[in-house]
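All residue numbers in this chain count up from 1 along the given sequence. Values reported hereafter were calculated over all heavy atoms of this structure, with side chains retained and with hydrogens, waters and symmetry mates removed.
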Amino acid sequence: MKTALLSSVFTLRRTILSGFFLLLACLTMVPVVQPDSAAAASCEEFKCDDDDLDSEERQSCYNQQIACLQGALSGVRKQQTTLTGAINVLNGEINLQQVQINQLRAEITRLEKDI
C-alpha cells in the first residue's frame, strides 16, 4: 500500500515536471512564432510623409497604414489570449496536482501512524 502511494506521488511529480517543461517549451517558441510582427513591419512600408503626396493621398495612406497596424495588433492579441489560456490551464493542473500530493502525503502520514 505504501509503495503504491509513493508511486502515485512520483507519478504526480513527473506530471508536474512534464507540464512545466511544456510551459517552458511554449514560452521559448513565442519569439519564433510571431508572424504578426512581420505584418507590423510590412506596415512600415507606407511612406505617408512623402512630399509628393497631396493631402487626400496622404490621408488615404494614413488610413491604409492604420488598417494594416490594426490587423497586425489583432493577430498579436489572439496569440496573447492563446498563450494566456495555456498558462492558466497549466497553472490549474499544477495546483490540482499539488493538492493531490498533499492528500497523498497526509494519507502516508496516517498510514505510518497506523503501522
Side-chain angles (χ1 to χ4, degrees):
M1 176 83 172
K2 189 174 183 180
T3 57
L5 288 174
L6 287 175
S7 174
S8 296
V9 169
F10 289 123
T11 302
L12 285 172
R13 285 184 181 171
R14 238 187 336 236
T15 306
I16 289 172
L17 284 175
S18 65
F20 172 75
F21 287 119
L22 175 64
L23 175 64
L24 187 61
C26 287
L27 292 177
T28 56
M29 292 299 289
V30 170
V32 176
V33 185
Q34 288 188 351
D36 296 308
S37 62
S42 72
C43 294
E44 294 175 8
E45 71 186 27
F46 294 97
K47 304 293 184 208
C48 301
D49 293 328
D50 194 358
D51 290 334
D52 294 336
L53 299 176
D54 64 25
S55 65
E56 191 173 305
E57 290 173 329
R58 183 171 287 127
Q59 199 62 27
S60 175
C61 180
Y62 283 135
N63 287 338
Q64 290 174 358
Q65 189 175 22
I66 288 170
C68 181
L69 289 169
Q70 286 174 336
L73 185 58
S74 173
V76 170
R77 284 188 179 135
K78 287 177 186 174
Q79 276 185 331
Q80 177 189 7
T81 302
T82 303
L83 288 174
T84 301
I87 290 169
N88 288 338
V89 167
L90 288 173
N91 283 338
E93 288 177 1
I94 289 170
N95 291 338
L96 173 65
Q97 291 168 0
Q98 186 61 51
V99 170
Q100 289 172 337
I101 288 171
N102 292 342
Q103 181 183 30
L104 287 172
R105 284 184 181 159
E107 181 69 16
I108 290 171
T109 302
R110 186 187 65 79
L111 290 172
E112 285 176 344
K113 287 180 182 178
D114 290 347
I115 295 176

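Put simply, CD on Glu107 and CG on Asp114 are 8.5 Å apart, with the number rounded to the nearest 0.5 Å. With rounding to the nearest 0.5 angstrom, the CG atom of Leu73 is 8.5 Å from the CG atom of Leu69. Of the inter-residue distances, the one linking Ile87 atom CD1 with Ile94 atom CD1 reads 10.5 Å to the nearest 0.5 angstrom.
Partners of Asn88 under the side chain to side chain donor-acceptor pair (under 3.5 Å) rule, at least two apart in sequence or in another chain, do not exist in this structure. Scanning for side-chain contact (heavy atoms from CB on, under 4.5 Å) contacts around Gln64 gives Phe46, Ser60, with sequence neighbours left out. Under the side chain to side chain donor-acceptor pair (under 3.5 Å) criterion, Gln98 pairs with Asn102, sequence neighbours left out. Applying the side-chain contact (heavy atoms from CB on, under 4.5 Å) test to Thr81 and every residue at least two apart in sequence or in another chain returns nothing.
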Which donor-acceptor pairs under 3.5 Å do the side chains of residues 51-58 make with protein atoms, sequence neighbours left out?
from, atom 1, to, atom 2, distance (Å)
Asp54, OD1, Glu56, N, 3.1
Asp54, OD1, Glu57, N, 2.7
Glu57, OE1, Asp54, N, 3.2
Arg58, NE, Cys48, O, 3.0
Arg58, NH2, Asp50, O, 2.8

